[in-house]
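Here's the structure, in structure tokens; my notes come after.
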Amino acid sequence: MQSVEWERSREELEAVLAGTLPGAKEIDPAECSAGRFLLAYSDGRQIPAGAVAAIPLDWALASGFQRMVWKELAKVPFGETITYGELAARCGRGEAARAVGAALARNPWPVIVPCHRVVGAGGRMVGFGKGIAAKRTLLAFEKRCLDEAAGCIKKRQNG
DNA sequence: AGAATGACGGACC
DNA sequence: AGGTCCGCCATTC
């Protein structure tokens, strides 16, 4: 799989696709692993971090460092966040927070490789290719899903 | 090969 | 809180 794209409307998306993937054919999302992943995600299901491994992402164009950052990021669970610096540390490059930002800016598969879960030091909201607002929306969505799930459990415990 | 460029982080004002 | 400066580091030109 090459990339994840999204736009505000079908028209805009098709315009973008016409430039990046001319002649692309449409298929049923349920027919491919990435499609099923995104369907489940938008459904609010908490997808286990390991599920990303089942998607045939095309790492060919990634540098060694980018591959490391993206793979490490894929381990961050639904609804949780991590700092650029912490992610750098997990890649064995504690001082490379800034370089991590550069790598994330080139993430070909947003949402699947959850770059929206990477926040600035102290939880500060910074950067995102599609805009901070989109990043907030995704994080809020995940948090809401977690809260609802927690509510269900509590309800069950109470009776 | 060297300089410029960021989705950083921390210090300081 | 908000703005500047500077050290960091992988990439890019």
Side-chain angles (χ1 to χ4, degrees), chain A residues 1-22 24 29 32-147:
Chain A
M1 174 179 190
Q2 296 186 344
S3 71
V4 171
E5 314 278 349
W6 81 81
E7 299 297 333
R8 303 193 68 81
S9 70
R10 188 184 183 90
E11 288 69 30
E12 291 176 61
L13 180 60
E14 282 177 357
V16 170
L17 256 40
T20 57
L21 289 171
C32 67
S33 55
R36 288 191 293 274
F37 181 102
L38 291 172
L39 283 176
Y41 182 85
S42 60
D43 234 28
R45 308 231 302 274
Q46 295 168 40
I47 307 161
V52 179
I55 302 176
L57 302 178
D58 180 10
W59 304 93
L61 276 60
S63 71
F65 181 73
Q66 288 171 333
R67 200 176 355 255
M68 190 159 40
V69 170
W70 296 339
K71 291 205 170 190
E72 201 58 44
L73 171 57
K75 298 180 189 168
V76 177
F78 186 100
E80 289 184 23
T81 61
I82 185 176
T83 270
Y84 290 89
E86 170 63 19
L87 185 50
R90 289 188 192 177
C91 292
R93 300 268 192 302
E95 314 284 286
R98 196 166 184 175
V100 163
L104 294 184
R106 290 172 176 68
N107 172 20
W109 316 286
V111 182
I112 291 180
V113 172
C115 52
H116 57 282
R117 294 181 192 143
V118 186
V119 300
R124 209 168 41 106
M125 282 303 278
V126 294
F128 192 61
K130 295 303 250 183
I132 305 272
K135 189 169 182 173
R136 277 212 177 85
T137 301
L138 287 168
L139 288 177
F141 170 70
E142 295 189 4
K143 185 173 191 315
R144 183 157 45 84
C145 293
L146 288 188
D147 289 347

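By convention in this document, chain letters (A, B, ...) are assigned in the order of the sequence lines, proteins followed by strands, and residues within each chain are numbered from 1.
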Scan [X] against the nucleic acid and name what it touches under 4.0 Å (heavy atoms): base, sugar-phosphate only, or nothing.
| X | result |
| --- | --- |
| A:Ala105 | base |
| A:Phe65 | sugar-phosphate |
| A:Gly122 | nothing |

(request) Determine the minimum heavy-atom distance between A:Val126 and A:Ile132, stating which atoms define it. (result)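 Scanning both residues, the minimum pair turns out to be C-CD1, 3.5 Å.
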(request) Run the numbers on A:Phe128 and A:Leu104 for side chain to side chain contact (heavy atoms under 4.5 Å, CB included), then give the verdict. (result) CA-CA 9 Å; A:Phe128 192 61; A:Leu104 294 184; over 6 Å; no
Using atom types as modelled and distance alone, determine if a side-chain donor or acceptor of [X] lies under 3.5 Å from a backbone N or O of [Y].
| X | Y | result |
| --- | --- | --- |
| A:Thr83 | A:Glu86 | no |
| A:Arg90 | A:Glu72 | no |
| A:Lys135 | A:Cys115 | no |
| A:Trp109 | A:Met1 | yes |

(request) Give, ordered by number, those residues of residues 82-102 of chain A having at least one heavy-atom distance below 4.0 Å to an atom of DNA chain C; if nothing qualifies, reply none. (result) A:Arg93, A:Glu95, A:Ala96, A:Arg98, A:Ala99
(message) Run the ring-ring contact (aromatic ring centres under 6.0 Å, His included) test against A:Trp6 and tell me which residues pass, sequence neighbours left out.
(response) none
Side-chain atoms of residues 42-57 of chain A: list all donor-acceptor pairs with protein atoms under 3.5 Å, sequence neighbours left out, distances to 0.1 Å.
residue	atom	partner	partner atom	Å
A:Ser42	OG	A:Leu38	O	3.1
A:Ser42	OG	A:Leu39	O	3.1

(message) According to ring pair (Phe, Tyr, Trp, His ring centres under 6.0 Å), does anything in residues 34-54 of chain A pair up with another residue at least two apart or in another chain? List the pairs.
(response)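 For residues 34-54 of chain A, and leaving out neighbouring residues, the ring pair (Phe, Tyr, Trp, His ring centres under 6.0 Å) pairs sorted by first residue read A:Tyr41-A:Phe78, A:Tyr41-A:Phe141.
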(message) Tell me whether A:Lys130 is salt-bridged to A:Glu7, with the criterion being a basic N under 4.0 Å from an acidic carboxylate O.
(response)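 The answer is yes: the pair qualifies as a salt bridge.
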(request) Could you list where the contact with chain A starts and ends along DNA chain B, reading 5' to 3', using a 4.0 Å heavy-atom cut-off? (result) B:dG6 to B:dG10
(request) Mind running a 4.0 Å heavy-atom check of residues 106-119 of chain A against DNA chain B and sending the residues that fall below it, in number order? (result) A:Cys115
